[in-house]
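These notes concern the structure reproduced below.
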Amino acid sequence: MTTITHLINGEQIAGTSGRFAEARNPATGELICKVPLATPAELDAAVEKAALAQKSWGAVNPQRRARVMMKFGALINDHMDELAEILSKEHGKTIPDAKGDIQRGLEVVEVCMGVPALTKGEFTGDAGTGIDLYSIRQPLGVVAGITPFNFPAMIPLWKMAPAIACGNAMILKPSERTPNTSMRLAELFKEAGLPDGVLQVVHGDKECVDAILDNDTIQAVGFVGSTPIAQYIYGRAATNGKRAQCFGGAKNHMVIMPDADLDKAADALIGAGYGAAGERCMAISVAVPVGQETADKLIEKLVPKIEKLKVAPYTGGDDVDFGPVITQASKERIEALIASGVKQGAKLVTDGRNLSIQGYEEGYFVGPSLFDNVTPDMDIYKEEIFGPVLSFVRKDSYEDALELVNNNEYGNGTAIYTADGDVARDFVAKVEIGMVGVNFPIPVPLSYYSFGGWKKSGFGDLDQYGPDAFKFYTKTKKVSSRWFSGIKDGVALNFKSID
Ligand code: NAD
């Protein structure tokens with residue numbers, strides 16, 4: 001067991017608060033490291049140094065910044081196995097899933113290699129006599145990223161790569177439950193040539209986050225985590241005049257039409273419902289089969305697949321399907337929600353509670369649970385469970401299924417399985433959700449699109465990575481320029497268009 005440090009100005013700096021969080025291996029319950037929780041003074045000092053570093057970094061031309069991104073991307077690739085091991089140990093997901101987590105972050109780094117083209121301004125020559133109009137995109141200065149535990153590589157990379165490529169300095173506050181992946185990524189960024197101070201990793205809890213929100217030098221905050229915290233951070237950051245984009249929790253539905261390929265739909269539900277122990281903001285947690293026969297057939301196909309799933313530590317072999325959930329508290333919360341589902345009248349088809357794995361009795365394992373006959377008033381429907389629990393809400397018509405999805409307070413992702421193009425098109429047009437899959441269970445946009453949910457899944461205007469990130473992390477200066485050759489002298493008092 002070690003005590004990790006902050007990473008300030010390229011150096012490992014011990015925390016001074018005397019307060020620590022604990023990061024544990026969820027498969028064994030063993031303490032991996034103590035995580036220092038920064039004081040506001042520590043945070044402010046890191047920001048001050050970041051502001052100094054940003055002055056030089058912001059002046060580095062975009063082509064050179066792109067070269068640092070290229071080296072960073074190459075180093076992530078070279079260190080894929082090592083990063084996946086760090087990630088799986090602190091998060092619990094399988095090694096192939098950890099590699100997917102890193103890969104999807106790496107793809108954002110790859111898009112950032114195009115930062116010179118992606119941050120070009122606009123130009124209109126000869127908008128009037130001797131007049132040129134143009135816009136330039138400039139970095140904001142120091143920005144902050146606050147990230148959740150569930151994608152320890154991908155989401156910190158969503159934040160740090162575009163922010164830094166655009167010429168900003170970043171304060172990254174990773175989840176205190178999975179901090180080691182971020183620390184290693186930051187070391188690789190330094191090795192790629194990123195000047196010290198441009199990326200500061202500061203660990204902390206609410207005290208540190210509040211200091212971020214109240215620090216006047218920090219110009220923008222990008223947050224990903226649960227909805228109540230997203231809403232809180234959005235409100236406080238905006239009140240303090242910061243640009244903010246805060247992404248929250250989810251309850252993602254998959255509608256399965258009677259004409260869908262039910263074998264493919266069942267496979268998709270297994271992957272999207274139980275992969276990563278359901279700890280994905282794009283996990284499918286609600287299946288909405290249309291018609292009783294569709295529901296019955298799907299359950300029949302799902303049960304044997306669920307019974308075959310291997311829940312085990314990431315070290316348990318190539319055939320492990322998913323690992324533990326993140327903490328003992330999380331396991332207890334999920335199991336309590338399953339109990340509430342039974343109590344409130346849902347039919348528990350498979351029960352993942354009380355799973356004990358030989359040799360890993362202290363691990364936070366929860367097996368796959370499947371509920372049928374769930375109704376929207378039940379807690380298992382209303383709450384984001386964030387565990388391996390799939391709920392069936394049966395509906396008799398497509399219209400009723402669509403209404404259910406649209407009435408949900410979350411709006412992150414959704415999917416429809418159907419063979420009918422007209423129904424699919426109608427769903428895409430009418431569903432009130434930010435990311436939609438057609439015969440595609442987890443429609444996370446690729447890195448050259450942007451990612452973001454609606455309603456209580458996302459607060460703020462712009463989405464993450466892709467084109468929106470380059471807007472979020474730059475401010476646009478609009479310039480009107482005139483040179484006087486051939487223009488007569490004169491005074492103009494009226495507000496008018498250009499001649
Ligand atoms: P969380 O909200 O507990 O923590 C997220 C971050 O906020 C962490 O860095 C944490 O230290 C900090 N934090 C926690 N409590 C705080 C407080 N009271 N004040 C200020 N900061 C605080 O989320 P989590 O458990 O780490 O992650 C899981 C959640 O994240 C789920 O709800 C999931 O749906 C969501 N998520 C959303 C997306 C998305 O893009 N919409 C992506 C991944 C995860």
Side-chain angles (χ1 to χ4, degrees), residues 19-23 26 35-38 40 43 90-93 101 104-105 108 144-159 171-179 181-182 201-214 221-237 244-252 276-285 325-327 329-330 333-334 383-387 409-414 433-435 442-445 450-460 462-466 468-469:
R19 294 198 307 121
F20 297 91
E22 292 179 342
V35 186
L37 301 173
L43 182 275
E90 65 182 0
H91 178 281
K93 62 178 77 173
D101 182 330
R104 291 304 287 263
V108 171
I146 302 163
T147 56
F149 80 85
N150 68 322
F151 280 97
M154 181 179 81
I155 296 180
L157 287 167
W158 286 2
K159 300 291 160 208
I171 305 291
L172 177 69
K173 197 221 76 66
S175 168
E176 60 277 34
R177 288 175 268 171
T178 54
T181 313
S182 285
V201 185
V202 182
H203 306 287
D205 58 2
K206 181 174 176 6
E207 197 174 318
C208 173
V209 170
D210 284 348
I212 289 174
L213 300 176
D214 294 343
V221 176
F223 170 87
V224 182
S226 56
T227 288
I229 313 293
Q231 200 158 6
Y232 163 72
I233 289 181
Y234 182 69
R236 189 152 168 175
Q245 52 173 205
C246 300
F247 298 92
K251 196 81 186 174
N252 306 315
E279 289 177 325
R280 292 180 181 139
C281 68
M282 290 291 278
I284 293 290
S285 50
V325 297
I326 189 70
T327 56
S330 175
R333 180 180 163 274
I334 293 164
E383 298 257 333
E384 182 188 33
I385 300 176
F386 224 53
E409 62 177 352
Y410 293 108
N412 216 36
T414 189
I433 303 287
M435 292 170 283
I442 307 188
V444 174
S450 296
F451 177 109
W454 292 1
K455 299 187 276 189
K456 287 202 166 170
S457 297
F459 302 88
L462 292 166
D463 287 339
Q464 312 184 81
Y465 67 78
D468 276 15

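Order of listing sets the numbers, starting from 1, for every ligand and every atom in it.
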* Asked: Short question: side chain of K251, backbone of E383 - any donor-acceptor pair under 3.5 Å?
  ->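 Indeed, once roles are kept as given, a pair shorter than 3.5 Å links the two residues.
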* Asked: So does R177 pair up with E22, basic N to acidic O under 4.0 Å?
  ->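 No salt bridge links R177 with E22.
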Output, or 'none' if empty, a list of ligand 1-protein atom pairs in which both atoms are N or O and the distance is under 3.5 Å, rounded to 0.1 Å.
| unit_1 | atom_1 | unit_2 | atom_2 | d |
| --- | --- | --- | --- | --- |
| ligand 1 | 2 (O) | S226 | N | 2.9 |
| ligand 1 | 2 (O) | S226 | OG | 2.6 |
| ligand 1 | 9 (O) | T147 | O | 2.8 |
| ligand 1 | 9 (O) | K173 | NZ | 3.1 |
| ligand 1 | 11 (O) | K173 | NZ | 3.0 |
| ligand 1 | 11 (O) | E176 | OE1 | 2.6 |
| ligand 1 | 11 (O) | E176 | OE2 | 3.4 |
| ligand 1 | 25 (O) | R177 | NH2 | 3.0 |
| ligand 1 | 26 (O) | F149 | N | 3.1 |
| ligand 1 | 26 (O) | R177 | NH2 | 3.4 |
| ligand 1 | 30 (O) | G225 | O | 3.2 |
| ligand 1 | 32 (O) | E384 | OE1 | 2.6 |
| ligand 1 | 34 (O) | E384 | OE2 | 2.6 |
| ligand 1 | 41 (N) | G248 | O | 2.8 |

* Side-chain touch K455/E409, heavy atoms, less than 4.5 angstrom ->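 No - every pair of side-chain heavy atoms lies 4.5 Å or more apart.
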* Asked: Rounded to the nearest 0.5 Å, what separation is found between the OG atom of S182 and the CD1 atom of I155?
  ->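 Rounded to the nearest 0.5 Å, the OG-CD1 separation comes to 10.5 Å.
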* To do: Assess whether side chain to side chain donor-acceptor pair (under 3.5 Å) is satisfied between Q231 and K456, documenting all intermediate values.
  => CA-CA 8 Å; Q231 200 158 6; K456 287 202 166 170; 4.7 Å; no
* Give a yes/no verdict on a cation-pi contact between K93 and F151, requiring under 6.0 Å between NZ or CZ and the six-membered ring centre and an angle within 45° of the axis. =>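 Yes, K93 and F151 form such a contact.
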